[in-house]
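Taking it in order: structure first as structure tokens, then the write-up.
Just so it is clear, the values below take in all heavy atoms, side chains as well, and ignore hydrogens, waters and symmetry mates. Numbered from 1 within each chain, the chains take letters A, B, ... in sequence-line order.
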There are 2 protein chains.
Amino acid sequence: MENLVVYAPYLGGVGLVFAGILYLSILRSSTGTERMQEIAEEIHTGAMAFLKREYTILAIFVAVVAGLLAWKLDPQTAGAFLGGAICSVLAGFFGMKAATRANVRTTAAAKEKGQAAALLTAFNGGAVMGIAVASLGLIGVGVLFQMFGSPESAKIINGFAMGASSIALFARVGGGIYTKAADVGADLVGKVEEDIPEDDPRNPGVIADNVGDNVGDVAGMGADIFESYVGSVIATIAIGATVGADTISSMLSDGGGEGVRQLLMSLPLLLAATGLVASFIGIFSMRILKGTNPAGALRYSTFISAGLFLGGAYYLISSTAIANDVFWAVLCGALVGIIIGLITEYYTAGAPIRRIAKASKMGAATNIIDGLAIGLESTLAPVLFICVAIWIANQSAGLYGIGISAVAMLATVGITMSVDAYGPIADNAGGISEMAGLGPDVRKITDSLDSLGNTTAAIGKGFAIGSAALTALALFSAYTQTVGQARGETLLIILTDPRVVMGLFIGGVLPFFVAALTMTSVGRAAQEMVNEIRRQFREIPGLREGKPGVKPDSARCVEISTNSALKEMVLPGMTAVIAPVLVGFGLGAEALGGMLAGATVTGVLLALMMSNAGGAWDNAKKAIESGDIEGEKKGTEAHKASVVGDTVGDPFKDTSGPSMNILIKLMSVVSLVIAPLLI
Amino acid sequence: MENLVVYAPYLGGVGLVFAGILYLSILRSSTGTERMQEIAEEIHTGAMAFLKREYTILAIFVAVVAGLLAWKLDPQTAGAFLGGAICSVLAGFFGMKAATRANVRTTAAAKEKGQAAALLTAFNGGAVMGIAVASLGLIGVGVLFQMFGSPESAKIINGFAMGASSIALFARVGGGIYTKAADVGADLVGKVEEDIPEDDPRNPGVIADNVGDNVGDVAGMGADIFESYVGSVIATIAIGATVGADTISSMLSDGGGEGVRQLLMSLPLLLAATGLVASFIGIFSMRILKGTNPAGALRYSTFISAGLFLGGAYYLISSTAIANDVFWAVLCGALVGIIIGLITEYYTAGAPIRRIAKASKMGAATNIIDGLAIGLESTLAPVLFICVAIWIANQSAGLYGIGISAVAMLATVGITMSVDAYGPIADNAGGISEMAGLGPDVRKITDSLDSLGNTTAAIGKGFAIGSAALTALALFSAYTQTVGQARGETLLIILTDPRVVMGLFIGGVLPFFVAALTMTSVGRAAQEMVNEIRRQFREIPGLREGKPGVKPDSARCVEISTNSALKEMVLPGMTAVIAPVLVGFGLGAEALGGMLAGATVTGVLLALMMSNAGGAWDNAKKAIESGDIEGEKKGTEAHKASVVGDTVGDPFKDTSGPSMNILIKLMSVVSLVIAPLLI
């Protein structure tokens, strides 16, 4: 059974072909009117221009780090690092290509064929990203595993995770700043000052806003999940490679020895492969499910994949020499991912949003107080479920179990990422139909798909945080094992050791610091955007009145967002890379262990708090707008108060919150890579 | 030298006599006009009524916990617990008595004698609290040390810290909810809806607001600092009692053995006594300094005490068998307390408030975003300095050094608490002068004293957080030592142990959860207050117009705040007491250790973030009002935006933020008390 692992990269190859076919099928659909094509082209160009400039900057960073790795560690690790970076870039590139082609075709399908066709087009656009993420991960890790999959050389594979993480942090932070600078800027001038609707073609910031959806929610999210995916697999390989012989024998169904270590190292890849096959089937099932209600269709396709994956995983484990107990780790990983998603859905779409909406009646201050309180409160349940997962996974297979449960949570990434990337495509489709002046019938379809996208986005964020937490823990375990192996004695990170306490505090404060940096960046970038949009309304004659033929200078706004994002992503990005190196070499491996633990705890808490508060504010505003709150509607004082909350929530949920996921993973993976040097 | 420790309780007795004399001297000063006396009486009655009802509820809680302690541990610990609770209650009671007598006399002094006399009266009012806190602490711990000061029985003294902590949590949380419900309620209706000035006598909520200053900032703060004071001394005694023999010999100046353990256990009390003497002299020096500028006077009196304390501590240590290196721990504790205070001053009165004020020009949303970003950012520097303190203290004397540095930070509590309690008295004095309709000359003096009080309050909060962090760490060390002693083997809290990781996550999330509870409580209580104030303006004829003879029903508002605070304090209070018990007995001593570490890290971070953001929002609003921001003044759009930030900041800085200090200390001290049972 375990010999099947050699086929993992081939399965990844099949996945890429499948993604290519899907992409071609999207390209063949109708692109609607000339105006629609024109708008879509602007978005596509803006998004691709951003990616190109971002990758150019990152190329320098990647080259420098690869050089350092080759010098201080070995050329193979440097090569793996390059591979991880390239795969992450490719995943982002494929996803963006597909998303910026699928958006206008979704609008056209809504116009020409109705809801079911529009749903399928948007979903397929997302599926290209989903499959590309899983396939590239499987190819990259699979090939490296063939080359360096022995217990002695497996640490080289860690470089791949570091490459993926490095790109991810910059993509997430840069994308987050880009999208919110554009969004906040366009809203503050357009909706508040000029009193024109969202996505109005007169607003110079609207194209940048739509580009931002792709840059942040497609490329950024994709890089985040890609990183978790390969991070969890690689961490579990590393734990398998370094775990003690006694632990190994306790995990075998019928006794055994060192020989089966290889099996433990192969299992994460085999699980990932199983998840990819399950995802294929889930994605196919959308063709049948599309006719039912959209929310149900997305949910059922996810459930189909999850069920198939669990069945496959059980068969896989029971047909190897590994004890069946390990399946408990798989089961709880998969379930806790879903549970955290559902908790997120409650906090961002359930009773709490009515509470915020009602608090808005007393003004903006109470709206903010209640939103923050709900964000703080929303951290409790997910953290307790993470603890349950840690407990069960550890009972079933020790530290290795924690790694396996992270892998299980992420194995069906093909389908979860498809559902997630569907959101911004539907959002874009709505924007295009508004800008192209399509009728209310089309808008109604795209609106319903878009509002569903808000829910899937919230669930996706919860899932991303949960998976980041387990992945970071797995990487942390791998880190301690790797240092222990290098030292020839167990690394004990003891909480009464003052160095560990210092590390814990330093690690704890870093997420706060990075959150501060990214929030400030959004504020600064949005200010620039506001000034530019105000200037255009002032200086371009006929723009405000919507005179035919007068068009805003959207390209200038796209450029401002791009420049700000690229400039502002550097400091938080470098902090994440440099902090572990400084603490590790300055205060030692024990302090670095404390730092990782501290950062993981506060990072997860801030991520949950910020994402959920942001989502709740957003939907509280929508609840008022849709007349769900007695006596309130668009334009009332309560609505204005809710807009304040929504604006505060923007950088919370789309910039600072998601940055936390990658911050904790990147710091963990950098530590894992430098672990052999910390003797 | 070390035999002097038997005199510590007597010195405390002298302190109480001194406080009594100060109190009588306050009572002898003029109380101004009849209207002033009437208002002061209302505030006094409201404050005392709250204390009485609060203590009645707490009596039940204290009795139940004392019963449990007597049953599960021993009657002596239960007795110590009762003693700690009673001393905390007395400290709060004395402080409130003095503060609510000094407030009107400060106004009268401003009216009749000018600024210097008013400053001295307010300061003396605060000094009663400051000396009472230090003296009661010294008496309580000193007496218990005489009774149980041997290494075997010293753990009984821990009960005293738990008693003090239990009262403190309820006092801080209840007081915090009280004061902000009244403040937010009075402001939302008075300033925003009715457009009448702050402290206007027509506003039914104004008396409750002034009562709240005493309840929250005097009694709550006093209980907080009292707890840190006795907590740090007791933790250090516990570390001294349980630290290994090899550590002991490494800390002696000329070799030695087990016999000097008693010396290590005495040193914290001797340092506290030295600090009290230094505080007396600092408080006396105000009589000479009062004529200089008020800010300088408060600062110099603090510096005089700190300098004398450091000199005394050096003499003390060098004349015993303890290595002089221990003085480094004293020095860095004292310095880091001051440094954290100065950092807090920067974030709440320096450049950041201009940034927030300018962001207000774009609206409430950017005001909130920048305030939150500054709050997040403000955590970095204090945490790094705490790390420096940990490092130096540990280098000088291991875990014992961390305890000593906490003691040193708090030893001069007599003067720091005096300066801190001065703030709410000056604030009250301003309120009384406004309500009694005194002229602008008097108001100018009270305003200048009040605005100085805002700065001292911010510094005091930073100091409270820093001392809570070090005290919690000292208690944490004492906890691990005590469990180790009970087990007969070192307690290893290892971060790769899944139970420890679970504890870390649970501990990390608790401050978020308690912050959510307390924010929600303030929102709910403020809503009740708003409804009542609106009702009175609607139903009492002539109130809005200020018809002579028409008075609001202030007592009703006082009652609402009282009831809300007492009801809402129960859940967060019980969480802090029960969580360590559940985790300790459910998951074990290792998990509980992880929980304490997690709670300390996130608790300190949230406390800093919330207190500093709140202070910065408050002063950003004041900067706009005082014309410091170009083109802005009271009533502009930017000012309205800044009021939103100020209102959000109220529960941040006065309820949720300060609750964190006690939460982490109380959980640590409960753990320390139950430690012998966790075998």
Side-chain angles (χ1 to χ4, degrees), chain A residues 188 192 359 362-366 368-370 372-374 376-377 379-380 383-384 386-387 390-391 394 399 402 473 477 480 492-496 498 500-502 504-506 508-509 512-513 515-517 519-520 522-523 526-527 530 593-594 597-598 601-602 604-605 609 643-644 647-648 651, chain B residues 188 192 359 362-366 368-370 372-374 376-377 379-380 383-384 386-387 390-391 394 399 402 473 477 480 492-496 498 500-502 504-506 508-509 512-513 515-517 519-520 522-523 526-527 530 593-594 597-598 601-602 604-605 609 643-644 647-648 651:
Chain A
L188 277 180
V192 180
M362 276 170 72
T366 42
I368 299 289
I369 290 177
D370 264 20
L372 288 169
I374 282 166
L376 289 163
E377 183 192 314
T379 57
L380 185 66
V383 163
L384 293 182
I386 289 173
C387 287
I390 294 172
W391 181 253
N394 179 65
L399 291 182
I402 293 175
L473 286 176
S477 306
T480 56
L492 289 180
I493 305 173
I494 302 173
L495 269 175
T496 42
V500 175
V501 175
M502 290 166 68
L504 201 67
F505 270 104
I506 294 172
V509 82
F512 279 69
F513 179 62
L517 286 180
M519 302 254 311
T520 306
V522 170
Q527 177 71 60
V530 163
V601 170
T602 62
V604 168
L605 289 168
M609 193 271 246
V643 170
V644 172
T647 312
V648 173
Chain B
L188 277 180
V192 180
M362 276 171 71
T366 42
I368 298 289
I369 291 176
D370 264 19
L372 288 169
I374 281 166
L376 289 163
E377 185 193 313
T379 58
L380 185 65
V383 164
L384 294 182
I386 290 173
C387 288
I390 294 171
W391 179 255
N394 179 67
L399 292 182
I402 293 176
L473 287 175
S477 306
T480 56
L492 288 180
I493 305 174
I494 301 172
L495 269 175
T496 42
V500 175
V501 175
M502 289 166 69
L504 201 67
F505 269 105
I506 294 173
V509 82
F512 279 68
F513 179 62
L517 286 180
M519 302 255 308
T520 306
V522 170
Q527 177 71 62
V530 162
V601 170
T602 62
V604 168
L605 289 167
M609 192 271 245
V643 170
V644 171
T647 312
V648 173

Worksheet entry | Nearest heavy-atom neighbours spanning A:Ala373 and B:Ala516 |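 Between these two residues, the closest heavy atoms are O-CB, 3.3 Å.
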Fill in: Heavy-atom pair with the smallest gap, counting every atom of B:Thr496 and A:Leu399
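Closest approach of B:Thr496 to A:Leu399, heavy atoms only: O-CD2, 3.7 Å.
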In terms of heavy-atom pairs under 4.5 Å, which option from [options] contacts chain A the most?
options                                : answer
B:Val644, B:Ile374, B:Val648           : B:Val648
B:Gly508, B:Pro651, B:Ala359, B:Pro498 : B:Pro498
B:Asn394, B:Val522, B:Ile506           : B:Asn394
B:Ile493, B:Thr379, B:Thr602, B:Thr480 : B:Ile493

Discussion item. Does any part of the side chain of A:Val500, heavy atoms only, come nearer than 4.5 Å to the side chain of B:Leu495, both counted from C-beta?
Written reply: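 Sidechains of A:Val500 and B:Leu495: in contact.
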Discussion item. Using the side chain to side chain contact (heavy atoms under 4.5 Å, CB included) criterion, which residues pair with A:Thr647? Sequence neighbours excluded.
Written reply: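 Per chain and number, A:Thr647 pairs via side chain to side chain contact (heavy atoms under 4.5 Å, CB included) with A:Val184, A:Val643, B:Ala365.
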Worksheet entry | Set of side chain to side chain contact (heavy atoms under 4.5 Å, CB included) partners for A:Ile386, sequence neighbours left out | A:Ile340, A:Ile390, A:Ala469, A:Val604
Practice prompt. Please flag which part of B:Leu188 lies under 4.5 Å from any non-hydrogen atom of chain A: side chain, backbone, both or neither.
Written response: side chain
Worksheet item: So B:Phe505 and A:Leu473, side chain to side chain contact (heavy atoms under 4.5 Å, CB included) or not? Walk me through it.
Response: CA-CA 11 Å; B:Phe505 269 105; A:Leu473 286 176; 4.0 Å; yes
Worksheet, complete the sentence: Most contact-rich option vs chain B, by heavy-atom pairs under 4.5 angstrom, among A:Leu517, A:Leu504, A:Val530, A:Leu492, is A:Leu504
Worksheet item: Quick one: CG on B:Leu372 to CE on A:Met519, what's the gap to the nearest 0.5 Å?
Response: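 That separation rounds to 5.0 Å.
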Discussion item. Under 4.5 Å from any heavy atom of chain B, what part of A:Leu380 do you find: side chain, backbone, both or neither?
Written reply: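 Both parts, backbone and side chain.
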Discussion item. Please classify the contact between A:Leu384 and chain B as side chain, backbone, both or neither, with a heavy-atom cut-off of under 4.5 Å.
Written reply: side chain
